[in-house]
Amino acid sequence: MARVLVVDDEPNIVLSIEFLMEQAGFEVVTADDGEQALAMVNDSQPDLLLLDISLPGISGFDVLERLRGEEATAHLPIIMLTAHGRDVEREKGLALGADDYITKPFSTQALVEKVQALLSEEQP
């Protein structure tokens, strides 16, 4: 079973994504800030990261940059989640190495499909 790490500081969003991912057959772990996200990546070895940009402390962009800079996590699939749909943010996230970018509110079906597609690409 693939493990998805959900990183968002809004508990209602974490709960809804957690429920959605579990219904789709994924194991889910959560973090509510950037520091915790980095620790969870090392501790729980997720197969994919759903990462909010606006986090307290370290931003999602900083988390993304740190993970891409480490050999062990350089190829970890990461989907950025944000309430900001501006093109400049999307371009920054993709330039820093995000695999995809989803603007809130998002289609639950589209999110599940993106996660499944990225995880199927990762399989040998």
Side-chain angles (χ1 to χ4, degrees):
M1 179 185 301
R3 180 177 296 145
V4 175
L5 172 57
V6 177
V7 185
D8 201 305
D9 61 330
E10 295 180 45
N12 57 334
I13 291 177
V14 171
L15 281 172
S16 61
I17 294 175
E18 185 175 18
F19 177 78
L20 181 68
M21 291 294 118
E22 286 173 349
Q23 291 298 107
F26 299 109
E27 180 183 339
V28 179
V29 288
T30 64
D32 55 18
D33 64 40
E35 290 283 354
Q36 192 180 12
L38 291 168
M40 292 293 290
V41 167
N42 290 328
D43 294 344
S44 66
Q45 311 262 306
D47 298 298
L48 184 137
L49 192 57
L50 292 173
L51 179 62
D52 187 25
I53 289 175
S54 302
L55 296 170
I58 304 173
S59 78
F61 285 134
D62 292 336
V63 171
L64 173 63
E65 222 170 352
R66 287 191 193 183
L67 292 174
R68 288 296 180 245
E70 308 246 339
E71 192 175 328
T73 55
H75 301 291
L76 175 67
I78 299 174
I79 298 175
M80 302 299 287
L81 301 175
T82 184
H84 312 289
R86 297 194 305 265
D87 286 343
V88 66
E89 284 194 329
R90 178 183 176 85
E91 288 168 17
K92 180 178 179 180
L94 295 173
L96 289 173
D99 294 282
D100 212 329
Y101 193 100
I102 296 179
T103 305
K104 301 174 195 169
F106 47 81
S107 154
T108 55
Q109 188 60 37
L111 179 60
V112 169
E113 287 170 3
K114 285 177 188 261
V115 168
Q116 290 169 332
L118 274 173
L119 288 171
S120 66
E121 288 174 16
E122 291 299 305
Q123 301 307 315

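For the single chain, residues carry numbers from 1 onward in sequence order.
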Exercise. Side-chain contact test, heavy atoms from C-beta onward, threshold under 4.5 Å: evaluate it for P77 versus D47 and give yes or no.
Key: no
Self-check item: Closest contact, heavy atoms only, V63 versus G34
Solution: CG2-CA, 3.6 Å
Practice problem: For S44 and V41, indicate whether the former's side chain and the latter's backbone hold a donor-acceptor pair under 3.5 Å. | Solution: no
Quiz item: Can you tell if the side chain of V6 reaches within under 4.5 Å of the side chain of F26, non-hydrogen atoms only?
Solution: no
Exercise. Report yes if some heavy atom in the side chain of L15 is under 4.5 Å from a heavy atom in the side chain of E18; otherwise report no.
Key: yes
Self-check item: From L48 atom CG to L5 atom CG, the distance as rounded to the nearest 0.5 Å
Solution: 9.0 Å
Exercise. Kindly write out the residues that satisfy side chain to side chain donor-acceptor pair (under 3.5 Å) with Q116, not counting sequence neighbours, or none if the list is empty.
Key: none
Exercise. For R3 and Q45, work out which heavy atoms get closest and say how close.
Key: NH1-O, 4.1 Å
Self-check item: side-chain contact (heavy atoms from CB on, under 4.5 Å) evaluation trace for L49 with T73
Solution: CA-CA 11 Å; L49 192 57; T73 55; over 6 Å; no
Quiz prompt | Taking every non-hydrogen atom, the tightest pair across S16 and I13 | solution = OG-O, 3.0 Å
Exercise. Using side chain to side chain contact (heavy atoms under 4.5 Å, CB included) as the criterion, point out the one residue from L81, V115, I79 that pairs with D100.
Key: I79
Quiz item: Rounded to the nearest 0.5 Å, what separation is found between the CE atom of M80 and the OG1 atom of T103?
Solution: 11.0 Å
Quiz item: Around atom CZ of F19, are there more than 12 heavy atoms of other residues, nucleotides or ligands at under 6.0 Å?
Solution: no
Quiz item: Would you call M40 and V7 a side-chain contact if the rule is heavy atoms closer than 4.5 Å?
Solution: no
Quiz item: Going only through I, L, V, M, F, W and Y residues with side-chain contacts under 4.5 Å, is there a path from L94 to F61?
Solution: no
Self-check item: Minimal non-hydrogen separation, D33 against E35, with atom names
Solution: OD1-N, 3.2 Å
Quiz item: Do R68 and L96 have side-chain heavy atoms sitting under 4.5 Å apart?
Solution: no
Quiz item: Less than 4.5 Å apart, any side-chain heavy atom of L38 and any of L67?
Solution: yes
Practice problem: Can you measure from CE (M21) to OG1 (T30) and round to the nearest 0.5 angstrom? | Solution: 13.5 Å
Exercise. Answer whether the closest heavy-atom distance between the side chains of D52 and K104 falls below 4.5 Å.
Key: yes
Self-check item: Atom pair CE/CD of M1 and E22 - distance to nearest 0.5 Å
Solution: 9.0 Å
Self-check item: Ionic contact status for K114 with D99, cut-off 4.0 Å
Solution: no
Quiz item: Step by step, would you call D43 with V29 a side-chain contact (heavy atoms from CB on, under 4.5 Å)?
Solution: CA-CA 11 Å; D43 294 344; V29 288; over 6 Å; no
Quiz item: CD/Q109 to CG/L20 distance, rounded to the nearest 0.5 angstrom?
Solution: 8.0 Å
Quiz item: Taking all atoms of both residues into account, what is the closest heavy-atom pair of A24 and V112, and its distance?
Solution: CB-CG1, 3.8 Å
Quiz item: Nearest 0.5 Å, what's the OH-CD1 distance between Y101 and I53?
Solution: 3.5 Å
